[in-house]
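As structure tokens, the structure follows; a few thoughts come after it.
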Amino acid sequence: MAEVTLPDGSKLEIANGSTAMQLAAQIGPGLAKAALAARINGQLTDLASPISCPAVVKIITSKDSEGLEVMRHSCAHVMAEAICSIWPQTRLVYGPAVENGFYYDIDLDEPIRPSDFERIEEKMRQIANGKSHFVRTEMSKAEALKKLAGDKYKTDNINRADGDVISFYSHSDAFEDLCRGPHVPDTGKIGSFKIMSVAGAYWHGDPTQKMLQRVYGTAWPSKKELDEFLHRLEEAKRRDHRVLGKQLDLFSFNDAGPGFAFMHPNGMIIWNSIVEFWRSVHDKYGYREIKTPIILNEELWHKSGHWDNYKENMYFTRFDEAGYAIKPMNCPGGCLVYNNRKHSYREFPLRVAELGLVHRHEASGVMHGLFRVRQFTQDDAHIFCTPDQIRAEIIGVIELTFELYQAFGFEDFHIELSTKPEKHIGTDEIWETATKALKDALKDKDIDYKINEGDGAFYGPKIDFHVRDCLKRSWQLGTIQLDFSMPERFGLVYTDKDNTEKTPVMIHRAVLGSFERFIGILIEHYGGNFPLWLAPEQARILPISEKTNEYAKIVENKLKGANLRCGCDISDEKIGAKIARAHADRLPYMLVVGPKEAQVETLNLRIRGANEQKTIGIGEFIDATARKIAEKEIDLAIVG
RNA sequence: GCCGAUGUAGCUCAACGGUAGAGCACGGCUUUCGUAAAGCCGGGGUUGAGGGUUCAAAUCCCUCCAUCGGCUCCA
């Protein structure tokens, strides 16, 4: 007999050499049924593994995230068998579990189409119903290489594996795959699954290698959870800024300019509201604002280093026998403004902001609504300062950044620091100094951060700000980039205390990143339900019938006089239809007016998302909304 | 840029070799209504573009463009 310690600290006697499965059965039949894998002394393993005692053992079920992963990985194997049985010439490459599912990369010249998914799933169901056991066999690396000689993908996987023990898993005579494991006990335990999509993927992510087919699937412990997942996808689709942008008439795209967004009047209200707020915060933090030309002589881009590092993504044009480039960044223009006159250390730190319109020719396949465009407005700024001002300036930017994010209801953010990339300009010494300055500032602010080695901009290291939206998705928004190279290239100088000319430090920074993208993120974050201060139409007056149109117009004028963005629905519809439409348009406030309200000059208020009404005076409504707008309140409820 | 899929009315979609349709939206009329979509009538399409096959193409084939899902990329 041997002693096993369970996660709750309790101890259990088991027969020597018992497997994890037997242990689960000993604990209870429910657990045995739910068991998918085990963690023995910290090692995730198959249920068939014998327990060498004494041991700390945890039985893993689909309730554990790692259980779900094991299940999905097993499901990937079952899918692989299904695909191989339909297309015997398939060569398997690699099939891991990923967030919400799994995929399997395969090398098969015949393209798998969505119309094939059903028969793959059918075959998978057959395999699952067979409930055949996953069987692990082990051998040495050399043996495995011999066994799979000629299979370049699996040979490669073996060579990449750690340790000398190579394992294979089979769950039928017809199917065996090189795999680290672990797996669920049998194919009946792969849950409810669905093939989601198929896409191309390069082997090892290397574009010079063969394009493989990547078949994506998802798997969940139960049909109910699968359905819930599919439903969540539908929900996310409803929040999709491309869909809402169309529905709410915020922006559009046109074949005439792929990747160039057309902002509509409703979208511009959101845009301008953000700009106005952005300006007020920048003013508070001591920034001045400039605007530099979109098209500048090509020479400038040679000087800045962009031509060498980025020309394949830049737009060029020629006229009057001279070459010009459409700016992909604002900094060279900012440098020209700086150089327009002499500067003294007394002016420093000099904080210069620019809402700069930049163009970057992104590859056609990467464009995505407002998230990835070829023309966008950066909320850029360049800070010119002395080296000993860096730390304080970085701290100032961090504070400004948090203030802006919080106004939009983003509370959850984290910071990443990126270091020198392979493709870079400037000496190692300069890079080291710059990176240290960023680290020091973060340390001063007592901020935790993650380091991304080799992910910096070509001209300097950077700090990136990431926020999580209400769906817990992470977005990179802001960035602070130190640049000791550009000032030198442009010959920027300032006169120091000792009356000598020195080179200033330049800090590039953006907070929202791209306005286009930020608005896209906001649309999805709010699901189209904008807070009052951003809503294109803040209130709509809905007269019960034509008889109250006149009073409705009077109310409309009063609200407009109070700077509220409001409309009036005098269509020939019944009140129910007017309300339904206002809801579809995501109106924060619906103001129903009929003879009753007209008589005592009140409004019947209905708030977006709340299925209740109350009567409120016009003045009271104006005061309440004015306060909410000023405070940028997200909650629409009007109390009192 | 690469792989795959998809482009039909303003929007969402149907028709899948044989006269292009519906709902919503839009216009007109009726209705004047009390809290999530009243009724009738009407206008609207060289089916993304170009070429080909066919007696006949939205439908099949080719090229291009765009979009979608991924891959790669994002200074």
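A note on names: the letters A, B, ... follow the listed sequences, proteins ahead of strands, and every chain is numbered from 1. Being a predicted model, the structure only gives us computed values, none of them experimental.
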With a 3.5 angstrom cut-off on both distances, give the Watson-Crick or G-U wobble partner of B/C2, or none if there isn't one. B/G70

Identify the nucleotide, in any strand shown, that forms a Watson-Crick or G-U wobble pair with B/U59, with both distances under 3.5 Å; if there is none, say none. none

Give A/K246 one of three labels, base, sugar-phosphate or nothing, depending on what nucleic acid heavy atoms sit under 4.0 Å from its own. sugar-phosphate

Report yes if a donor N or O on one partner sits less than 3.5 Å from an acceptor N or O on the other, where the partners are the side chain of A/N604 and the base of B/U35; otherwise report no. yes

Using a 4.0 Å heavy-atom cut-off across all strands, classify A/E422 as base, sugar-phosphate, or nothing. nothing

Just how far, in rounded Å, is P of B/C74 from CH2 of A/W475? 19 Å

Say we look at B/A25 and B/G70: how far apart would their P atoms be, to the nearest angstrom? 33 Å

At 4.0 Å (heavy atoms only), tell me whether A/R242 reaches a base, stays on the sugar-phosphate, or touches nothing. sugar-phosphate

Taking N and O atoms by type only, does the side chain of A/R372 place a donor or acceptor under 3.5 Å from a partner on the base of B/C73? yes

Just name whichever nucleotide pairs with B/G7, Watson-Crick or G-U, keeping both distances under 3.5 Å, else none. B/C65

Using only modelled atom types and a 3.5 angstrom limit, is any donor from either the side chain of A/R606 or the base of B/A36 paired with an acceptor on the other? yes

Remember a base hit wins even if backbone is also touched, and classify A/I575 as base, sugar-phosphate or nothing at under 4.0 Å, heavy atoms. sugar-phosphate

Applying a 4.0 Å non-hydrogen cut-off, can you work out what A/G205 is touching in the nucleic acid: base, sugar-phosphate, or nothing? sugar-phosphate

From NZ of A/K547 across to C1' of B/U32 the rounded distance in Å is 6 Å

If you measure only the distance, is there a donor-acceptor pair under 3.5 Å linking the side chains of A/T615 and A/K596? no

Check: A/Y202 side chain, B/G1 base, donor-acceptor under 3.5 Å: yes

In Watson-Crick or G-U wobble terms, with both distances under 3.5 Å, the base opposite B/A15 is none

Spacing between A/M211 atom CE and B/C71 atom C1', to the nearest angstrom: 5 Å

